[in-house]
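Structure, as structure tokens:
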Amino acid sequence: MSLTSSLPSVMFWSNPLETAAIFLPTLAALVALVSYSIISVVSTSCLVILLAVSLCKLYTHVMVNLLAKLPADPSTDPLHKVYSFDLTISAETVETIISTSVSIVNDILILLRSLFLLDSLVDSIKFGVLLYFVTYIGLMCNLLTVITMAWITLFTFPRLYRDNEVAIDSFVEKMMGQVEEVKSKVTSLVTRSKATPMKNVEKTPTPEKEE
């Protein structure tokens with residue numbers, strides 16, 4: 001099964017207008033949050049949406065009622081697809097989201113407890129190295145920048161991967177081989193460091209008692 005087979009088609013730009021309608025406004029809002037407060041961004045976004053809907057309504061009214069160049073049909077309205085959107089949230093959906101979220105949070109807390117308490121020394125070392133590199137990411141950018149880059153990647157990587165699947169899979173396979181090699185070396189070093197003190201204790205001669 002392909003890595004991107006479970007992703008929605010909107011991420012592959014199969015329908016550019018539909019994808020752009022989701023990708024570009026969100027990207028613009030994220031970029032705007034860099035310079036403006038969230039209150040300003042939300043209010044401005046709502047005003048833009050309200051203006052866009054008003055222009056669509058005005059266009060439909062002029063083309064259908066005044067100029068009679070379009071038929072009086074619901075499909076004439078550019079927003080006719082929006083009217084069919086079901087925006088209600090069922091109780092079952094909320095319950096599923098809450099239960100899933102609680103399960104994920106509990107798993108994360110258990111994992112963090114294991115890492116911080118050094119239940120597995122190798123995993124804790126890898127976690128420490130990861131945190132060390134994350135500090136450098138924090139020096140270069142903030143969380144908003146990371147979210148913006150993740151949003152761009154979400155709508156670019158799936159299409160790039162589908163178009164270059166063989167080359168990317170080959171590169172990832174080579175990288176994973178190198179990672180496993182480094183992991184095995186670190187594991188062997190840790191194992192040796194644990195075994196060395198035990199050997200030294202066994203080889204230490206017991207002092208003879210003086211008569």
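A donor-acceptor pair under 3.5 Å links the side-chain atoms of S184 to the main chain of E181, judged by distance alone. Judged by distance alone, with hydrogens and angles left aside, the side-chain atoms of T100 form no donor-acceptor pair with the main-chain N or O of I97 at under 3.5 Å. Checking side-chain atoms of S35 against main-chain N and O of A32 turns up no donor-acceptor pair under 3.5 Å. Remark: side-chain polar atoms of S170 are not paired, donor with acceptor, to backbone N or O of A167 under 3.5 angstrom.
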Check your understanding: N106 and S103: side chain to side chain donor-acceptor pair (under 3.5 Å), yes or no, with the steps?
Key -> CA-CA 5 Å; N106 288 334; S103 177; over 6 Å; no
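Heavy-atom neighbours of I89 CD1 from other residues, nucleotides or ligands within 6.0 Å: at or below the threshold of 12. Within 6.0 Å of atom CG in L66, more than 12 heavy atoms from other residues, nucleotides or ligands are found, so the atom counts as buried in its surroundings. Enclosure of atom CD1 in I38 is not indicated, since only 12 or fewer non-hydrogen atoms of other residues, nucleotides or ligands lie within 6.0 angstrom. At most 12 non-hydrogen atoms from other residues, nucleotides or ligands lie less than 6.0 angstrom from CZ of F133.
Side-chain contact check for Y161 versus D169: some heavy-atom pair is nearer than 4.5 Å. Residues V10 and N15 form no side-chain contact, since every pair of their non-hydrogen atoms from C-beta on lies 4.5 Å or further apart. Here the side chains of F127 and L112 are in contact, with some heavy-atom distance below 4.5 Å.
Cluster membership check: L131 shares its hydrophobic cluster with L111, using side-chain heavy-atom separations under 4.5 Å among Ile, Leu, Val, Met, Phe, Trp and Tyr. Transitive grouping of hydrophobic side chains (ILVMFWY, heavy atoms separated by less than 4.5 Å) brings L24 and F12 into a common cluster. Follow the hydrophobic side-chain contacts under 4.5 Å out from L33 and you reach L143 in the same cluster. Cluster annotation: V34 and V146 are assigned to distinct hydrophobic clusters (Ile/Leu/Val/Met/Phe/Trp/Tyr, side-chain heavy-atom contacts under 4.5 Å, transitive).
The shortest non-hydrogen separation linking T93 to S90 is OG1-OG, 2.7 Å. Annotation for S114 and S124: closest pair O-OG, 4.2 Å, computed over non-hydrogen atoms.
The aromatic rings of W151 and F155 are tilted relative to each other, their planes meeting at an angle between 30° and 60°.
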